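Remember, it's a predicted structure, so these values are computed and weren't measured experimentally.
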Amino acid sequence: MIAARHAGHLAPQALHDLVFDFEEHVMPSLGSLFTDKPELELAFATSGSWCAQTVQINGVMMVTREQLLHDEALSDLSVGSLILVTSTSPFRLQSRTMAVLGLLLQRMRREGVVGLVMRVAPGARHPYPPDLVDQAARLGVALLTTSAPVERWVGVHEEIQRSRLVLAERRASQLSSLVQELPAQLADARAMQRIVDWVAQALSCQVLVSEPARVLAAAPATAAEQLAQAIIRQSVDGKRPGTFSGPHTQLISLSPASAADTVLAVARRSPFDEADLRLLRHAAKLLGLVDQAHREYRAASDASHAARTAALELLLDGEVDKARRVMANLAPGLLETETARVFVVETLQARRDLAVRRCSASVGQQALVVPDARDERRVLVVHPIRSDEDTGAEVSAELTRLVSALGRPSSLGGSGVYSMPLLADALHEAITAQRFAASQPDSVALSVHGSDLVGLLPQAEAQDWALRLLHPLMRDEPQWESMRETLPAALAYPYTVAARRLSLHRNTVMRRASRAAGLLRMDFASISDRIAVALAMELVTQREVSASPRLTGSEPPSLARLLAAPQVHAWAQTLVRPIQTDRRDLLSTALAWLTFDTHVEPAARALGLSEVTVRSHLRAVENYMQRDLATLAGVRDLQFSLHVVTGQPDLRAAQRGLSVVAC
């Protein structure tokens, strides 16, 4: 007779040698008594009783024939026990004896007793009459015989109890260890793999958690190959994984009540006993919770990412109120400030997701962190400034440490403090700073005043120039308040767009812009005039100097003189040098486009080129300069950098309004 071996303890380095024995404290069963205790000389009364070999036993109750017939010592039958009749004398097949045994079998069935063992003389036939055998088969009670002396059975009960105790302690320890594998946060990306590793070691088996399109976790690494056939067979058969899929393979659905197809597959060389299956089902529940948490986290993360991306796009379009409404539930109060700084982190494309996670972990509570949809290497960080004293130093320090940890070629650029409606300009400044940072030893370029053109100008002289230029608007305080609110947007965008951004009527914006142009003696249809006034507005309203410039009768500073500063010249060379390397004459196209106030049609006629060619050249200029020429800030940087490097276009027209305050 051959009985199946049961699995038990296994050293982790021998994953495939899954052979346990009785002495190693496997849950005792009839089968293990046969194979591990041959001295007991057990035999089933009929061949059909072998189906009971896997039934677990909890002890052995030894009684004499007389006690059995007189119902003595059988008042307390134990579930899972085995009754051994120690007498070897055969029963007299009297009607009373048959009736007693029939009643005993019924009681054994009710009490959950595993089987009845009769001692017989060596070579003797079993003492069970056919009627009793048939009754036992109907009731599911095993009938066995033994020819071993009673002495060999002494201590078997105690040994079974010790084995059960050790096994119970081990199972309790395993359950405790399994619970310890639960992560502090269910969204922990490594949680599933840690639980799978634990199951593989605890049950000495191969474990795989998979979806139809990918493997989520496996232990050992070759488990996916070994279990592929079981998974494919289940898919071909069209059966949803249950709790059993073969003698040594288990397939358990981690989400049977949902549409998800995540499956836990486990296999080993020896069968799983009931205790193993219970432990496996517990592990499957934990894995199902982790899988559900991962799915919900991914869904929430995707929704959060979409909302943050939408909020950033709205901010860059000047739609501050809409951006605040988008972020109201996601990050209450985050955007409820009037000013902000923008940071740009650039790293390798393959490392951007890592950079996003680290940025979110370090500054995500204080800032809006979004991967740049326009550049797969960039991460954009908008840090709202909550007080006049707050310059974003804490956030910039965290980002500096992050870039240092990422290593080359990662770099960080930061803007100055901008009002919320002008974050598009702050972004351009941060991108410029990042480009400078890429060539710096520490890969970081940060400044409270920014590292763009405006931050590079000599600030005292620039303030003097700006105040002289805007003096006609600033003489009347109520008029100045309306102008400082309206002009930046009116100069940067079409009046309809500016009105929407400012929540004003289009006619109001037109009227204020027209009055400002008249007072300044400028033409806002001219791109040079719009750039000059916008620069002056930014210097006066957003930049600070240690001492307020005084209006005197001396010769006022000129814009050309401001742009002659050495640091501005280095900045301009950095922007223009890549354009000059192109085989096409991009500089001539850009100058003509600026001369005709950014109108493509007259520029194309003057150059003798098609409009398509002019637009193609301008796109190339944008790429080289990393500027958006659809914005006033982008056109300003193009105009000023070309003037510094080539002397064109002429900026004297922007000075004509200064004669008003020269005296």
Side-chain angles (χ1 to χ4, degrees), residues 339 341 391 414-419 422 425-426 428-430 432-433 436 445-475 480 483-484 487-488 491-492 516 520-522 527-575 627 631-645 647 649-662:
T339 57
R341 292 185 70 184
T391 61
S415 75
V417 178
Y418 279 75
S419 63
L422 296 177
D425 296 334
H428 286 297
E429 180 180 322
T432 301
F436 278 109
L446 301 172
S447 171
V448 174
H449 293 302
S451 57
D452 70 329
L453 168 68
V454 182
L456 297 173
L457 295 174
Q459 293 299 303
E461 292 184 7
Q463 286 284 329
D464 191 0
W465 170 82
L467 288 172
R468 289 175 179 273
L469 181 62
L470 299 177
H471 181 68
L473 306 181
M474 302 175 68
R475 285 180 298 193
W480 170 240
M483 291 299 178
R484 71 181 293 164
L487 271 188
L491 294 169
L520 296 174
R521 298 184 182 180
M522 287 191 170
I527 189 65
S528 295
D529 285 0
R530 292 210 310 276
I531 288 174
V533 175
L535 175 61
M537 291 291 296
E538 181 177 347
L539 286 166
V540 169
T541 61
Q542 297 185 42
R543 306 289 167 154
E544 298 178 0
V545 290
S546 57
S548 300
R550 293 176 297 174
L551 298 180
T552 66
S554 61
E555 181 180 354
S558 66
L559 184 55
R561 194 170 76 191
L562 296 178
L563 297 177
Q567 63 271 23
V568 176
H569 189 269
W571 167 85
Q573 287 283 3
T574 301
L575 292 182
R627 294 294 190 275
T631 66
L632 189 65
V635 178
R636 180 198 68 191
D637 286 358
L638 173 62
Q639 183 191 58
F640 288 172
S641 61
L642 290 181
H643 172 80
V644 170
V645 174
D650 188 5
L651 302 181
R652 287 178 296 177
Q655 290 293 98
R656 60 178 176 267
L658 293 179
S659 60
V660 178
V661 294

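The shortest heavy-atom contact between Pro488 and Met537 is CD-CE, 4.0 Å. The heavy-atom pair separating Pro649 from His643 by the smallest distance is O-ND1, 3.0 Å. For Leu562 against Leu457, the heavy-atom pair with the smallest separation is O-CD2, 3.8 Å. What you find for Arg530 and Leu491 is that their closest heavy atoms are NE-O, 3.3 Å. Taking each heavy atom of Leu469 and Leu520 in turn, the nearest pair found is O-CD2, 3.0 Å. When all heavy atoms of Pro557 and Glu461 are compared, the pair lying nearest together is CG-O, 3.7 Å.
Distance OG/Ser415 to CG/Leu422: 11.0 Å, rounded to 0.5 Å. One distance of note links CE of Met483 with OG1 of Thr541; it measures 14.5 Å at 0.5 Å rounding. Considering CE of Met522 and OG of Ser528, their distance stands at 9.5 Å, rounded to 0.5 Å. The structure places NE2 of His428 at 10.0 Å from CG of Leu632, a figure rounded to the nearest 0.5 Å. Distance check, rounded to the nearest 0.5 Å: CH2 of Trp571 to OG of Ser641 gives 5.0 Å.
His471 places none of its side-chain heavy atoms less than 4.5 Å from the side chain of Leu467. Within the 4.5 Å cutoff, the side chain of Leu575 has no heavy atoms near those of the Leu638 side chain. For the pair Ile531 and Phe640, the minimum side-chain heavy-atom distance is below 4.5 Å.
In this structure, the side chain to side chain contact (heavy atoms under 4.5 Å, CB included) partners of Ala466, at least two apart in sequence or on a different chain, are Ala536, Leu539, Val540.
The backbone N or O of Val454 sits less than 3.5 Å from a side-chain atom of Gln459, completing a donor-acceptor pair.
Taking a cutoff of 4.0 Å between a charged side-chain nitrogen and a carboxylate oxygen, Arg636 and Glu538 qualify as a salt bridge.
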